[in-house]
**Student:** 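The following block contains the structure, expressed as structure tokens.
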Amino acid sequence: MNIFDIYLDKILILIKKLSNEGTLVLPENLNGINVDIPPSNFDCDISTNVAMVLSKINKKAPIDIAKTLVDLIKSADDEIETISVVKPGFINIKFKSVYWNNFIKSINQNHIDFGVNTKEKKRKYLVEFVSANPTGPLHVGHCRGAILGDVISNLLIFNKHDVSKEYYVNDYGNQIINFTKSVYYRAREIVYNEKFPIENSELYPGDYLIEIAKNIIATNKKLKFDKFEDISKKLTLLSVAESLKLIKSNLSNLGITHDKFTSETEIIFNKEVEKVIEKLKEKNLVYQGKIKAPKSENDENWIEREQLLFKATDFGDDKDRALQKSDKSWTYFASDVAYHNNKLNRGHDVLINILGADHAGYIKRITSVVEALSGDKNKLICKVSQLVKLIKEGKPFKMSKRKGDYITVEDLISEVGKDATRFIMLNRSSDVELDFDFAKVKEKSKDNPLYYVQYCFARISSVYRHVGLDINKDLDITKFDFKYSIDEIKILKKVAEWPKCIEAASLRLEPHRIPVYLYELSSEFHSYWNMGKDDSNKRFINDKKIISNDKLVFLKIISNVIRAGMNIVGVATPEKM
RNA sequence: GCGCUCUUAGCUCAGCUGGAUAGAGCAUCGGUUUUCUAAACCGAGGGUCGGUGGUUCGAGUCCACCAGAGCGCACCA
């Protein structure tokens, strides 16, 4: 629990007591009451709106309610230095330094769990992310969602939940056939010296297919590249496997590993689609019918056909969705329904899907189907990551798959590095388009927030190194002096916000709050560090090369929060820079 | 035409599920190194939170409408 919640509980107990005594009327819902961080221009530590929330139902001015509460709060708590009522009716509290001393003591004792959200009960999560078609290496477009999914998983794991990270392999359908054909023609190019039919727009032109073909030829000496139909099955397996090898290596370069790869082909082969459709039929959610043309669409182009449909409109979707194509084969949607049923059968409490912006239109139908199968509206949460606008040499860089003119994850990592990529991609809300400027990401200055935060950790490490200690080892200190200055307490107040940051980030699955917080904390620290230039009392190591226990603990606490945050983000905390 | 996401300082963006005088960075201008890492710090200027209404003690935040940007809208995956 964080210090704000602890105080909120105190206030709730107080007003409930007053309500029982009949001196205060409480609304049914107390959720509007909160304890928060006051704006920086007020000289206080926490602030509550309780009087304003209670004002209406008690038919009293907020200020008057606040005044009566203030006396009661003050008399019940001897750690309060000042408590005041401010304009609209806020109650502001400033603690004595002993309060912060106790705070430090408590996090120094259980530093490993500091920040972990203990309010939520432990649950089983399944996070599906990336799930890019296995037709080649990952490119920059996949990157943001990949990192988002990975960090959401880290965040849930940090909060002690059970998490399975999964990749759905779309190794079935026309795109895979075209991909396999492309490998086939590349192989013929090598074996028979036959020109690759580049004019065929269905085929994949990328050079990486040559590598894939070479690898397959080298490891399958007996394979003859004569008639495509004769080897298509075998070649598909081999090509997809090669592709996945590339993708896994890309992911590993980004610092990402999945726990499970589920194959679409396998889902279809195991008749899971039939089974789930049977299940939906029992619920009367599947029927043979026609989809109506959208109003604006040209009627001439619209082909109406009767096919097997899922009643997505029962769940708020704009149209019912096709499960079967006219040749009776399953649509992508049908196998995805089966895959989600498969996920549900494995007993997860919550499913999370990370999707790219171009798949946002798909959310309604898949959440509908999960609701239909599980009876739970909130079983599946879809998180969309918006596009990344690449900027190179000051200009937007457009990728074109046809020209083979796109930036792969490999290019990206070798140019700007894993950590900078992860930190920058996460530093913004996933709801917003992101500018990714190669020049800026590579810059080693405070323009680059990654280095700014890492530098903070490195400075702390440096102090420890100077007094012969290792920042990565536990501190064995039992004796404290507990004399912290106003400037140090200011940083400790920021540290106290860490659990709140984690809570907000995990509640809304918004990991960008973590880099934003780490930047703010680092900023406070750098600021303090520079005070040491004018005031030697603020230097960590004194003239006699001695550091106080207070300062050692102070640094330790800050470094632990930074390390924990950077671990969630998935980037390093170097001791020297 | 419909759906989803977005619109906050010159630029890039935060804003903790409705709170107080809306915050950072970049850019601009001016300062800070015999001392723990200057990849740092301090100061200055810069705003009709896209627009109009509404909800209430209180709106950048919620609702409606409008404008603009991006993404999507059949058996592709």
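A note on names: the letters A, B, ... follow the listed sequences, proteins ahead of strands, and every chain is numbered from 1. Please read these numbers as outputs of a predicted model, since none were measured by experiment. We use all heavy atoms of the structure for the numbers below, so side chains are in, but hydrogens, waters and symmetry mates are not.
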**Student:** Provide, to the nearest angstrom, the distance between the CD1 atom belonging to I63(A) and the C1' atom belonging to C57(B).
**Tutor:** 11 Å

**Student:** With a non-hydrogen cut-off below 4.0 angstrom, is I541(A) in contact with a base, only sugar-phosphate, or nothing?
**Tutor:** base

**Student:** Output the single nucleotide from C6(B), A77(B), A20(B) whose closest atom is nearest the side chain of V432(A).
**Tutor:** C6(B)

**Student:** If the glycosidic angle is within 90 degrees of 0 it's syn, otherwise anti, so just tell me which one U61(B) is.
**Tutor:** anti

**Student:** Under 4.0 Å between any heavy atoms, over every strand shown, what does V516(A) touch: base, sugar-phosphate, or nothing? Just pick one.
**Tutor:** sugar-phosphate

**Student:** According to the Watson-Crick and G-U wobble definition with distances under 3.5 Å, which dot-bracket string, read 5' to 3', encodes RNA chain B, using [ ] for crossing pairs and | for pairs with another strand?
**Tutor:** (((((((..((((.....[...)))).(((((.......))))).....(((((..]....))))))))))))....

**Student:** Tell me yes or no: between the side chains of E503(A) and S506(A), is some donor less than 3.5 Å from an acceptor?
**Tutor:** no

**Student:** Given the P atoms of A22(B) and U48(B), what is the spacing between them in whole Å?
**Tutor:** 13 Å

**Student:** Is a donor from one side chain sitting under 3.5 angstrom from an acceptor on the other, for D320(A) and Y287(A)?
**Tutor:** yes

**Student:** Would you classify N41(A) as touching base, sugar-phosphate or nothing, given that sugar-phosphate means primed atoms plus P, OP1 and OP2, and contacts are heavy atoms under 4.0 Å?
**Tutor:** base

**Student:** Does A39(B) have OP1 or OP2 sitting under 4.0 Å from an N or O in the side chain of Y455(A)?
**Tutor:** yes

**Student:** For L434(A) and for V384(A), locate the closest nucleotide of RNA chain B by heavy-atom distance; then report the residue assigned to the nucleotide nearer the 5' terminus.
**Tutor:** V384(A)

**Student:** Can you tell me how far C1' in G68(B) sits from the matching atom in G51(B), rounded to whole Å?
**Tutor:** 11 Å

**Student:** Kindly say if K87(A) contacts the phosphate of G58(B), meaning a side-chain N or O under 4.0 Å from OP1 or OP2.
**Tutor:** no

**Student:** Within the structure shown, what part of the strands sits under 4.0 Å from A357(A) by heavy-atom distance: base, sugar-phosphate, or nothing?
**Tutor:** sugar-phosphate

**Student:** What is the minimum heavy-atom distance between F310(A) and F315(A), and which atoms define it?
**Tutor:** CZ-CE1, 3.9 Å

**Student:** Which of these nucleotides, G19(B), C71(B), C76(B), is closest to any side-chain atom of N49(A)?
**Tutor:** G19(B)

**Student:** Ignoring hydrogens and angles, state whether a donor on the side chain of E488(A) or S485(A) is under 3.5 Å from an acceptor on the partner side chain.
**Tutor:** yes

**Student:** For the side chain of M52(A), starting at C-beta, report the closest nucleotide among G19(B), A20(B), C13(B).
**Tutor:** G19(B)

**Student:** Within the structure shown, what part of the strands sits under 4.0 Å from T331(A) by heavy-atom distance: base, sugar-phosphate, or nothing?
**Tutor:** sugar-phosphate

**Student:** Between I291(A) and W302(A), is any pair of side-chain heavy atoms under 4.5 Å apart?
**Tutor:** yes

**Student:** Go through the N and O atoms of the side chain of D358(A) and the base of G72(B), and report whether any donor-acceptor pair is under 3.5 Å.
**Tutor:** no

**Student:** Under 4.0 Å, counting only non-hydrogen atoms across every strand here, what does E306(A) touch: a base, just sugar-phosphate, or nothing?
**Tutor:** nothing

**Student:** Looking across every strand, which nucleic acid part, if any, lies under 4.0 Å from S429(A) by heavy atom: base, sugar-phosphate, or nothing?
**Tutor:** sugar-phosphate

**Student:** State, to 0.1 Å, how close G565(A) and L518(A) come at their nearest heavy-atom pair, and which atoms those are.
**Tutor:** C-CD1, 3.8 Å

**Student:** For K364(A), report the nucleic acid contact type (base, sugar-phosphate, nothing); a contact means any heavy atom under 4.0 Å.
**Tutor:** nothing

**Student:** Indicate, with a heavy-atom threshold strictly under 4.0 Å, whether I176(A) touches base, sugar-phosphate, or nothing.
**Tutor:** nothing

**Student:** Quick one: does any side-chain atom of N49(A) pair with a main-chain N or O of N34(A) as donor and acceptor, under 3.5 Å?
**Tutor:** yes

**Student:** OP1 or OP2 of G15(B) sitting under 4.0 Å from any side-chain N/O of H512(A)?
**Tutor:** yes

**Student:** Among A24(B), C16(B), A20(B), find the nucleotide with the atom closest to the side chain of D36(A).
**Tutor:** C16(B)

**Student:** Ignoring the backbone of E433(A), work out which of C26(B), G70(B), A77(B) is nearest its side chain.
**Tutor:** G70(B)

**Student:** Hey, is R465(A) close enough to E575(A) for a salt bridge, meaning N to O under 4.0 Å?
**Tutor:** no

**Student:** Whole angstroms only, please: what is the CE-P distance between M577(A) and A38(B)?
**Tutor:** 12 Å

**Student:** Looking at A20(B), does its base get a donor-acceptor pair with the side chain of N92(A) below 3.5 Å?
**Tutor:** yes

**Student:** With a cut-off of less than 4.0 Å, is there a side-chain N or O of K56(A) near OP1 or OP2 of C57(B)?
**Tutor:** yes

**Student:** Just N and O in the side chain of K325(A): are any of them under 4.0 Å from OP1 or OP2 of A77(B)?
**Tutor:** yes

**Student:** When you get a sec, tell me which of C13(B), A20(B), U5(B) is the closest nucleotide to the side chain of P38(A)?
**Tutor:** A20(B)

**Student:** Remember a base hit wins even if backbone is also touched, and classify P62(A) as base, sugar-phosphate or nothing at under 4.0 Å, heavy atoms.
**Tutor:** nothing

**Student:** Between C42(B) atom P and M531(A) atom CE, what is the distance in whole Å?
**Tutor:** 8 Å

**Student:** Does the structure show H526(A) stacking with A39(B), if we require the centres to be closer than 5.5 Å and the planes to be within less than 30 degrees of parallel?
**Tutor:** no

**Student:** How many whole angstroms separate atom CG of D327(A) from atom P of C76(B)?
**Tutor:** 10 Å

**Student:** Ignoring hydrogens and angles, does a donor from either the side chain of S523(A) or the base of A24(B) sit under 3.5 Å from an acceptor on the other?
**Tutor:** no

**Student:** Taking OP1 and OP2 of G23(B), is either one under 4.0 Å from a side-chain nitrogen or oxygen of Y519(A)?
**Tutor:** no

**Student:** Take atom OH of Y362(A) and atom C1' of U5(B), then tell me their distance rounded to the nearest Å.
**Tutor:** 20 Å

**Student:** Kindly indicate, with the supporting measurements, whether the criterion salt bridge (Lys or Arg N to Asp or Glu O under 4.0 Å) is fulfilled by K389(A) and D435(A).
**Tutor:** CA-CA 5 Å; K389(A) 240 190 288 174; D435(A) 279 8; 3.7 Å; yes

**Student:** Between F90(A) and A20(B), do the rings stack, that is, sit under 5.5 Å apart with planes less than 30° off each other?
**Tutor:** yes

**Student:** Check for me: is W302(A) stacked on A74(B) by the 5.5 Å centroid and 30° plane-angle rule?
**Tutor:** yes

**Student:** Are K500(A) and E497(A) close enough for a salt bridge, meaning some N to O gap below 4.0 Å?
**Tutor:** no

**Student:** What's the CD1-P distance between I3(A) and C16(B), to the nearest Å?
**Tutor:** 18 Å

**Student:** Determine the interatomic distance between C1' on G46(B) and the same-named atom on U8(B); round to the nearest Å.
**Tutor:** 14 Å

**Student:** Which nucleotide in the list U12(B), A74(B), C41(B) gets nearest to the side chain of K319(A)?
**Tutor:** A74(B)

**Student:** For the side chain of P88(A), starting at C-beta, report the closest nucleotide among G19(B), A38(B), A77(B).
**Tutor:** G19(B)

**Student:** Of the nucleotides A39(B), A77(B), A14(B), which has the atom closest to the Y451(A) side chain?
**Tutor:** A39(B)

**Student:** For F540(A) and C36(B), what is the distance between atoms CZ and C1' respectively, to the nearest whole Å?
**Tutor:** 8 Å

**Student:** Quick one: which of U17(B), A77(B), C41(B) gets closest to the side chain of S527(A)?
**Tutor:** C41(B)

**Student:** Given that Y528(A) and I91(A) both sit by RNA chain B, which one's nearest nucleotide is further toward the 5' end?
**Tutor:** I91(A)

**Student:** With the side chain counted from C-beta on, respond yes when F423(A) and Y519(A) share a heavy-atom pair under 4.5 Å apart, and no when they do not.
**Tutor:** no

**Student:** Could you check how far CZ of R459(A) sits from C1' of C41(B), rounded to whole Å?
**Tutor:** 8 Å

**Student:** So I91(A) and L69(A), do their side chains get closer than 4.5 Å, heavy atoms only?
**Tutor:** yes

**Student:** Counting only side-chain nitrogens and oxygens, does R513(A) get under 4.0 Å of the OP1 or OP2 atom of G15(B)?
**Tutor:** yes

